[in-house]
*Asks:* 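What follows is a single structure, and I will ask about it in a moment.
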Amino acid sequence: MTQKHIVEARGIHKHFGALHVLKGVDLKVDERELVFVIGPSGSGKSTLLRCLNRLEEPSSGSVVVDGIDMLSPKTDINHARQRIGMVFQSFNLYPHMTALGNVTLALRKVAGKSRAEADALARAALDRVGLADRADHTPGQLSGGQQQRVAIARSIALEPRVMLFDEPTSALDPELVGSVLEVMRGLRESGMTMIVVSHEMGFARNAADRVVFMDDGLIVEQGPPASIFENPAHERTRAFIGQIQRH
Amino acid sequence: MNRWDKFTETFFNAKVMEKYLPDILSGMVVTIELALLIVVTGLAAGLALALLRALAIRPLNWLIIFIVDLFRSLPPLVVIVLIYFGLPYAGPAPSGFVSTWLSLAFVLMAFSEEIFWAGITSIPKGQWEASRSTGLSFSQTLFNVVLPQAFRLTIPPLTNRTIAITKGTALGTVVAVTEILGQASSAMSNSYNPSPLMMGAAAYIVLFFPVVVAARWIESKFAWKR
Ligand SMILES: Nc1ncnc2c1ncn2[C@@H]1O[C@H](COP(=O)(O)OP(=O)(O)OP(=O)(O)O)[C@@H](O)[C@H]1O
Ligand SMILES: [Mg+2]
């Protein structure tokens with residue numbers, strides 16, 4: 001049987017103590033698809049992403065990524081995580097290492113590359129995000145936009161099958177947002193499967209294949225960007241979209 | 001004899017000083033040995049406890065916290081006396097040297113564990129998550145991402161605490177360790193002259209002044225610079 005979906009999450013529930021944050025989320029993502037996730041603050045968008053690479057342990061449900069059962073105790077989670085890149089709002093670069101060091105760490109420690117191989121792959125990844133000339137800079141010497149692009153390079157150097165983005169541009173000054181979105185657009189054109197939580201509606205309109213609207217721990221509706229933005233079926237979606245467009 | 005001559009003869013008596021210089025020097029050797037042993041074992045044990053604590057095993061952490069708080073609240077001299085005079089009732093009779101070493105190593109372990117632990121916990125959660133999301137294991141993340149950053153934060157307080165505790169080697173004189181103070185005070189009672197004490201003080205300055213200056217330098221070098 002051929003692999004239909006590269007990400008297949010079924011019936012994901014997540015409780016934080018008494019707080020029921022995900023209430024049975026199903027999400028299937030095709031290869032090369034870009035899924036854009038929107039929803040009010042606290043609706044569980046980040047938690048959903050974090051359940052997909054098991055940074056957060058789902059309370060119940062199943063997650064299969066690239067044919068690997070992410071929740072099985074038999075799965076080598078550290079090995080599996082190489083296939084799932086994640087980019088965070090706050091970049092989370094290692095401040096004590098250069099840009100090159102940030103990218104090579106997992107290549108050497110997880111992918112088992114020699115230092116020379118890792119350096120070559122890392123330089124290629126930095127080149128893809130337009131920062132080949134910043135390899136020897138530390139995060140403190142880079143702008144926010146450059147830091148986020150190094151963070152993207154750190155993920156793509158491992159050749160993941162899926163990339164998760166959790167509000168990758170929310171911490172950036174407006175003039176730096178474009179450079180990061182451009183890198184993301186390039187990734188998409190190269191055929192990367194991407195799940196993006198973001199408020200960049202312009203990017204969603206012209207780059208997303210599908211927009212998913214979440215509210216209160218559930219997917220309320222989903223569809224092509226045009227239909228979700230122009231013609232939402234649900235009142236809650238309409239209210240949310242009206243709200244962000246007023247900004 | 002004028003008052004100045006009397007002063008120098010009392011506190012800086014050349015004959016006495018010459019006679020007891022070898023004793024003071026051998027005291028310095030003992031102090032250095034003791035200090036190095038305390039620093040190496042105390043810091044290693046403190047780091048080991050902090051790493052164990054990072055595993056987040058509840059009962060183990062309660063035990064670590066209890067031990068650490070115990071040694072942070074007992075005066076070092078009390079620990080020395082307990083080990084030297086108390087332990088023989090229970091089993092082996094440690095020498096004064098070993099008692100002082102163990103006691104101060106325990107105290108340094110306790111304080112340094114807290115400092116290492118504070119360093120580890122001050123590293124933002126995002127650092128762990130970024131590292132784990134690229135497939136590094138818990139311990140790979142701890143050793144490659146978290147500890148190098150934590151060490152930077154811990155070096156200034158650790159240096160100060162280490163110096164303070166290492167100077168406590170002078171307490172060993174109570175349990176007959178022949179370190180600097182012990183040598184100086186027995187030389188004083190043998191010569192009926194306090195000059196050896198002045199030499200002892202000078203010996204401590206020779207040993208610790210460079211360390212204190214180095215600590216000041218380290219502190220400025222490792223001040224926040226991200
Ligand atoms: N580790 C945690 N412990 C307890 N509660 C948590 C934890 N992480 C998230 N939550 C709670 O879960 C809910 C959903 O959080 P989540 O971060 O997934 O929302 P979000 O949709 O990403 O919101 P935002 O747009 O503000 O980022 C929130 O109420 C949040 O307070
Ligand atoms: Mg979020």
Side-chain angles (χ1 to χ4, degrees), chain A residues 46 49-50 52-56 75-97 101-112 118 122 125 138-142 147-148 150-160 162-166 171, chain B residues 43 46-47 50-52 54-58 60-61 112 115-159 215 217-226:
Chain A
S46 299
L49 283 196
R50 296 155 60 82
L52 297 180
N53 68 353
R54 223 169 120 191
L55 276 186
E56 223 52 94
T75 298
D76 176 354
I77 189 67
N78 296 323
H79 194 261
R81 278 179 179 148
Q82 279 185 86
R83 301 169 186 232
I84 311 170
M86 187 165 209
V87 174
F88 304 84
Q89 180 174 350
S90 50
F91 327 139
N92 298 342
L93 291 184
Y94 314 132
H96 60 300
M97 294 180 186
N102 269 272
V103 182
T104 53
L105 183 65
L107 284 170
R108 293 196 290 120
K109 302 288 172 185
V110 188
T138 59
Q141 297 167 328
L142 298 172
Q147 289 187 54
Q148 192 61 300
V150 173
I152 293 173
R154 175 170 66 183
S155 288
I156 62 176
L158 293 163
E159 299 187 341
V162 192
M163 287 281 291
L164 312 175
F165 291 83
D166 193 359
Chain B
L43 292 180
L47 179 60
L51 294 179
L52 282 178
L55 296 177
I57 302 165
R58 279 262 181 86
L60 184 63
N61 284 8
S112 65
I115 294 170
F116 284 128
W117 179 245
I120 290 171
T121 53
S122 72
I123 303 307
K125 212 168 136 235
Q127 293 287 308
W128 285 96
E129 292 180 345
S131 174
R132 297 305 305 271
S133 77
T134 57
L136 270 79
S137 67
F138 175 87
S139 58
Q140 285 177 322
T141 301
L142 185 62
F143 286 104
N144 293 284
V145 174
V146 175
L147 281 183
Q149 295 182 59
F151 281 146
R152 222 188 154 78
L153 296 167
T154 56
I155 280 173
L158 209 54
T159 319
W217 177 78
I218 286 170
E219 211 158 319
S220 64
K221 186 164 183 288
F222 285 87
W224 264 127
K225 195 169 57 180
R226 269 208 174 196

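Naming: A, B, ... by sequence-line order, numbering from 1 per chain.
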*Asks:* Is the backbone of B/Thr134 close enough, under 3.5 Å, to the side chain of A/Gln82 for a donor and an acceptor to pair up by distance?
*Replies:*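 Here the side-chain-to-backbone pair does not exist.
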
*Asks:* Are any side-chain N or O atoms of A/Asn92 and backbone N or O atoms of B/Gly126, one a donor and one an acceptor, separated by less than 3.5 Å?
*Replies:* yes

*Asks:* Would you mind reporting whether A/Met97 and B/Pro148 have side-chain heavy atoms less than 4.5 Å apart?
*Replies:*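 No, their side chains stay 4.5 Å or more apart.
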
*Asks:* By a 4.5 Å heavy-atom criterion (distance strictly below it), what part of A/Tyr94 contacts chain B: side chain, backbone, both, or neither?
*Replies:* both

*Asks:* Give me the atom names and distance for the closest heavy-atom approach of A/Asn78 to B/Arg132.
*Replies:* OD1-NH2, 3.4 Å

*Asks:* Do you know which of A/Met86, A/Lys109, A/His79 has the most heavy-atom pairs under 4.5 Å to chain B?
*Replies:*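 Most pairs with chain B among the choices: A/Lys109.
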
*Asks:* Output the distance between atom CD1 (A/Ile77) and atom OG (B/Ser137), rounded to the nearest 0.5 Å.
*Replies:* 12.5 Å

*Asks:* Checking A/Arg50 against chain B: side chain, backbone, both or neither under 4.5 Å from a heavy atom?
*Replies:*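 Answer is side chain: those atoms of A/Arg50 sit under 4.5 Å from chain B.
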
*Asks:* Is it the backbone or the side chain of A/Leu55 that comes under 4.5 Å from a heavy atom of chain B, or both, or neither?
*Replies:* side chain

*Asks:* Where on B/Gln140 is there a heavy atom nearer than 4.5 Å to chain A: the side chain, the backbone, both, or neither?
*Replies:*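 Only the side chain of B/Gln140 comes within 4.5 Å of chain A.
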
*Asks:* Can you tell which part of A/Leu164 gets under 4.5 Å to a heavy atom of chain B, answering side chain, backbone, both or neither?
*Replies:* neither

*Asks:* Look up atom OG in B/Ser133 and atom CG in A/Leu158, then write down how far apart they are to the nearest 0.5 Å.
*Replies:* 9.0 Å

*Asks:* State the CZ-CG distance between A/Arg108 and B/Asn144, to the nearest 0.5 angstrom.
*Replies:* 7.5 Å

*Asks:* Go through A/Ala106, A/Ala111, A/Ser90, A/Gly85 and name the one with the most non-hydrogen pairs under 4.5 angstrom from chain B.
*Replies:*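 Answer, by heavy-atom pair count under 4.5 Å with chain B: A/Ala106.
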
